[in-house]
A.B. asks: 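Okay, here's the structure, questions in a sec.
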Amino acid sequence: MNILVCVKRVPLTGGKIVLTDDERAISTRHLGFTVSPHEECGVEEAVRLIEQHGGSSTVLTLGPPEAEEQLRDMMALGVDRAVHLVTDGSEEWDPQATAGAIVDAIRSQPDPYDLILFGNESADAGNYQVAIRVAHKLGLPVVTGVKGIDVQGDGQVRLAQEVPGGRDVYLVPMPAVVTVKEGLNLPRYPSVPGRLRAKRKPVESATPSRPQPRLEMVRLVLPPGSGKQTEVLGSGAEAAGAVVGVLRELGLV
């Protein structure tokens with residue numbers, strides 16, 4: 001079995017998100033980088049499937065030279081090799097251009113992939129188009145939002161989606177494109193030996209040419225915060241009555 005997992009270098013979302021002055025990108029000056037939780041689950045699932053069925057796994061990203069760090073992190077989890085489509089990092093590639101570069105990389109590989117895994121959407125822009133565009137260009141079946149993968153012995157893969165009231169289950173012939181959601185599995189932590197092995201694993205690099213963009217980024221908008229309010233109830237013993245009143249309003253006493 002041959003599995004490809006596509007990941008994206010995204011800013012850590014635990015900190016405060018600040019936009020650049022032109023409101024066309026996230027300011028990453030004080031942010032670290034990672035891959036999205038969906039994609040981590042995709043990498044973990046690829047490693048588990050190769051452990052179960054044998055074969056080879058590959059992780060691919062399109063991003064600046066610094067994105068090799070994320071590729072090494074994923075190989076530390078057990079992925080065999082990596083493909084880095086290197087960009088200059090000056091501008092975000094739109095979904096159409098990204099899908100085109102990924103398709104060209106897939107077609108250039110000597111061995112076909114049985115499964116091509118994506119995260120359900122990117123953790124920064126929330127984009128969910130790339131996997132579907134890749135599947136369309138390759139003429140492959142695609143199932144999105146998957147939280148269960150079971151490779152069958154007859155060249156098919158059983159895919160499960162969680163839906164209100166139960167699950168939808170699909171039997172899909174391979175090769176296929178699948179987008180996975182967080183909760184598919186519990187990703188492992190990279191071990192020290194795994195990190196050392198990842199430093200020696202091959203990273204194939206290529207520099208795709210960016211086509212003329214057909215989608216225009218106007219600006220980004222941060223969602224409004226929930227807002228916080230502080231009410232001073234008093235100080236010392238005189239505040240005790242007010243505190244009891246609040247607890248009663250909340251039904252705690």
A.B. asks: Would Lys199 and Glu69 count as a salt bridge (charged side-chain N to carboxylate O under 4.0 Å, His left out) here? Give the steps.
C.D. replies: CA-CA 10 Å; Lys199 292 182 178 180; Glu69 177 185 356; over 6 Å; no
A.B. asks: Quick one, Val5 with Val79, criterion side-chain contact (heavy atoms from CB on, under 4.5 Å). Give me CA distance, side-chain angles, the key distance, then yes/no.
C.D. replies: CA-CA 9 Å; Val5 188; Val79 175; 5.8 Å; no
A.B. asks: What are the two closest heavy atoms between Pro208 and Ala206, and how far apart are they?
C.D. replies: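 Between these two residues, the closest heavy atoms are CD-O, 3.4 Å.
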A.B. asks: Is the number of heavy atoms from other residues, nucleotides or ligands within 6.0 Å of CG (Asp21) greater than 12?
C.D. replies: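 12 or below, so no.
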A.B. asks: For a quick check under 3.5 Å, do Gln109 and Asp111 share a side-chain donor-acceptor pair by atom type?
C.D. replies: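 Distance-only check fails for Gln109 and Asp111.
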A.B. asks: Looking only at atom types and distance, does a side-chain atom of His84 sit under 3.5 Å from a main-chain N or O of Gly63, one as donor and one as acceptor?
C.D. replies: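 Pair found, side chain donor or acceptor close to backbone of Gly63.
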A.B. asks: Is there a donor-acceptor pair under 3.5 Å between the side chain of Ser57 and the backbone N or O of Ala46?
C.D. replies: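 A pair under 3.5 Å: no.
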A.B. asks: Supply the atom-to-atom distance Leu115 CG to Asn2 CG, rounded to the nearest 0.5 angstrom.
C.D. replies: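 Reported to 0.5 Å precision, the distance equals 9.5 Å.
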A.B. asks: Is the side chain of His38 donor-acceptor paired with the backbone N or O of Lys181 at a distance under 3.5 Å, no angle test?
C.D. replies: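 Looks like no, no N/O pair under 3.5 Å.
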A.B. asks: Would the number of heavy atoms belonging to other residues, nucleotides or ligands and lying under 6.0 Å from NE2 of His136 be above 12?
C.D. replies: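 No - once you tally the heavy atoms of other residues, nucleotides and ligands closer than 6.0 Å, there are 12 at most.
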A.B. asks: Looking at Lys147, I'd like to know if its NZ atom is crowded, meaning that more than 12 non-hydrogen atoms belonging to other residues, nucleotides or ligands lie closer than 6.0 Å.
C.D. replies: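 Atom NZ in Lys147 is packed in, count exceeds 12.
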A.B. asks: How close do Ala99 and Arg133 get, heavy atom to heavy atom, and via which atoms?
C.D. replies: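 Here Ala99 and Arg133 meet closest at CB-CB, 3.6 Å.
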A.B. asks: For Arg188 and Glu51, work out which heavy atoms get closest and say how close.
C.D. replies: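 Here Arg188 and Glu51 meet closest at NH1-OE2, 3.1 Å.
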A.B. asks: Side-chain contact, heavy-atom cut-off 4.5 Å: Asp94 with Gln129?
C.D. replies: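 No, every pair of side-chain atoms sits at 4.5 Å or beyond.
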A.B. asks: Membership question, hydrophobic clusters at under 4.5 Å side-chain separation (ILVMFWY): are Val180 and Ile50 in the same one?
C.D. replies: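 Linked within one cluster.
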A.B. asks: If you count heavy atoms of other groups shown closer than 6.0 angstrom to NZ of Lys201, is the number above 12?
C.D. replies: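 Enclosed.
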A.B. asks: Has the side chain of Asp114 got a donor or acceptor atom that lies under 3.5 Å from a matching backbone atom of Pro175?
C.D. replies: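 Answer holds: no.
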A.B. asks: Would you check if there is a donor-acceptor pair between the side chains of Gln156 and Asp154 at a distance under 3.5 Å?
C.D. replies: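 Per modelled atom types, Asp154 and Gln156 side chains form a pair under 3.5 Å.
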A.B. asks: Does Arg195 reach the main-chain N or O of Leu77 with its side chain, forming a donor-acceptor pair under 3.5 Å?
C.D. replies: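 Flag not set: sc Arg195 to bb Leu77 has no pair under 3.5 Å.
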A.B. asks: In the single-linkage hydrophobic clustering (I, L, V, M, F, W, Y; side-chain heavy atoms under 4.5 Å), do Val35 and Val203 co-cluster?
C.D. replies: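 Looking at the clustering, Val203 is in the same group as Val35.
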A.B. asks: Could you measure the distance from the CD1 atom of Ile149 to the CG atom of Leu159? Nearest 0.5 Å is fine.
C.D. replies: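 Ile149 atom CD1 to Leu159 atom CG measures 6.0 Å (nearest 0.5 Å).
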A.B. asks: Mind listing the closest non-hydrogen atom pair of Pro64 and Arg9 along with its distance?
C.D. replies: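 Here Pro64 and Arg9 meet closest at CG-NH1, 3.9 Å.
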A.B. asks: Verify the distance criterion only: is there a donor paired with an acceptor across the side chains of Arg158 and Gln152 at less than 3.5 Å?
C.D. replies: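 No, no side-chain donor-acceptor pair sits under 3.5 Å.
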A.B. asks: Report the hydrophobic cluster partners of Trp93, with the cluster defined as I, L, V, M, F, W, Y residues connected by side-chain heavy atoms closer than 4.5 angstrom, directly or transitively.
C.D. replies: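 Besides Trp93, the hydrophobic cluster comprises Leu4, Leu60, Leu62, Val83, Leu85, Ile102, Val103, Ile106, Tyr113, Ile116, Phe118, Val130, Val134, Leu138, Leu140, Val142, Val177, listed by chain and residue number.
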A.B. asks: How far does CD of Glu44 sit from CG of Leu186, to the nearest 0.5 angstrom?
C.D. replies: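 Glu44 atom CD to Leu186 atom CG measures 7.5 Å (nearest 0.5 Å).
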A.B. asks: If the threshold is 4.0 Å, N to carboxylate O, is there a salt bridge linking Lys8 and Glu39?
C.D. replies: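 Salt bridge absent between Lys8 and Glu39.
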A.B. asks: Hey, is CZ on Arg167 packed in by over 12 heavy atoms from elsewhere, all under 6.0 Å?
C.D. replies: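 Correct, the count exceeds 12.
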A.B. asks: With rounding to the nearest 0.5 Å, note down the distance linking CD in Gln52 to CE in Met1.
C.D. replies: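 It is 9.0 Å, given to the nearest 0.5 Å.
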A.B. asks: Same cluster or not: Val151 versus Leu117, using hydrophobic residues (I, L, V, M, F, W, Y) connected whenever any side-chain heavy atoms lie under 4.5 Å apart?
C.D. replies: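 Val151 clusters together with Leu117.
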A.B. asks: Using the side-chain hydrogen bond (donor to acceptor under 3.5 Å, both in side chains) definition, which of the options Glu45, Arg48, Glu40 pairs with Asn185?
C.D. replies: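 Between Asn185 and the candidates, side-chain hydrogen bond (donor to acceptor under 3.5 Å, both in side chains) is satisfied uniquely by Glu45.
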A.B. asks: Under the salt bridge (Lys or Arg N to Asp or Glu O under 4.0 Å) test, which residues partner Glu204, sequence neighbours left out?
C.D. replies: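 With neighbours one apart ignored, the set is Arg81.
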A.B. asks: Examine Ile132 and Val178 and state if one hydrophobic cluster contains both, with Ile, Leu, Val, Met, Phe, Trp and Tyr joined whenever side-chain heavy atoms are less than 4.5 Å apart.
C.D. replies: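 Looking at the clustering, Val178 is in a separate group from Ile132.
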A.B. asks: List in chain and number order the residues that pass side-chain hydrogen bond (donor to acceptor under 3.5 Å, both in side chains) with Glu162, two or more places apart in sequence or in another chain; answer none if no residue qualifies.
C.D. replies: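 Glu162 satisfies side-chain hydrogen bond (donor to acceptor under 3.5 Å, both in side chains) with no other residue.
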A.B. asks: So, taking the atom named CD1 in Ile3 and the one named NE2 in His53, what distance separates them when rounded to the nearest 0.5 Å?
C.D. replies: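 One gets 8.0 Å once the value is rounded to the nearest 0.5 Å.
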A.B. asks: If you define the side chain from C-beta out and look only at heavy atoms, does anything of Gln161 sit under 4.5 Å from Thr144?
C.D. replies: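 Yes, their side chains come closer than 4.5 Å.
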A.B. asks: Heavy-atom distance under 4.5 Å between the side chains of Gln70 and Val7, does that happen here?
C.D. replies: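 Contact flag for Gln70/Val7 side chains = no.
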A.B. asks: Determine whether Asp150 and Val157 make a side-chain contact, defined as any pair of heavy atoms from C-beta on separated by less than 4.5 Å.
C.D. replies: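 SC-SC contact between Asp150 and Val157 ruled out.
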A.B. asks: Over all heavy atoms of both residues, which pair between Thr179 and Gly119 is shortest? Give the atoms and the distance, please.
C.D. replies: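 Minimum heavy-atom separation between Thr179 and Gly119: CB-O, 3.9 Å.
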A.B. asks: Hey, quick one: are Val59 and Val86 part of the same hydrophobic cluster, counting side-chain heavy atoms closer than 4.5 Å, chains of contacts allowed?
C.D. replies: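 Unlinked, Val59 and Val86 end up in two clusters.
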A.B. asks: Mind listing the closest non-hydrogen atom pair of Ala176 and Pro173 along with its distance?
C.D. replies: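 Scanning both residues completely, I find the closest heavy atoms to be CB-O, 3.8 Å.
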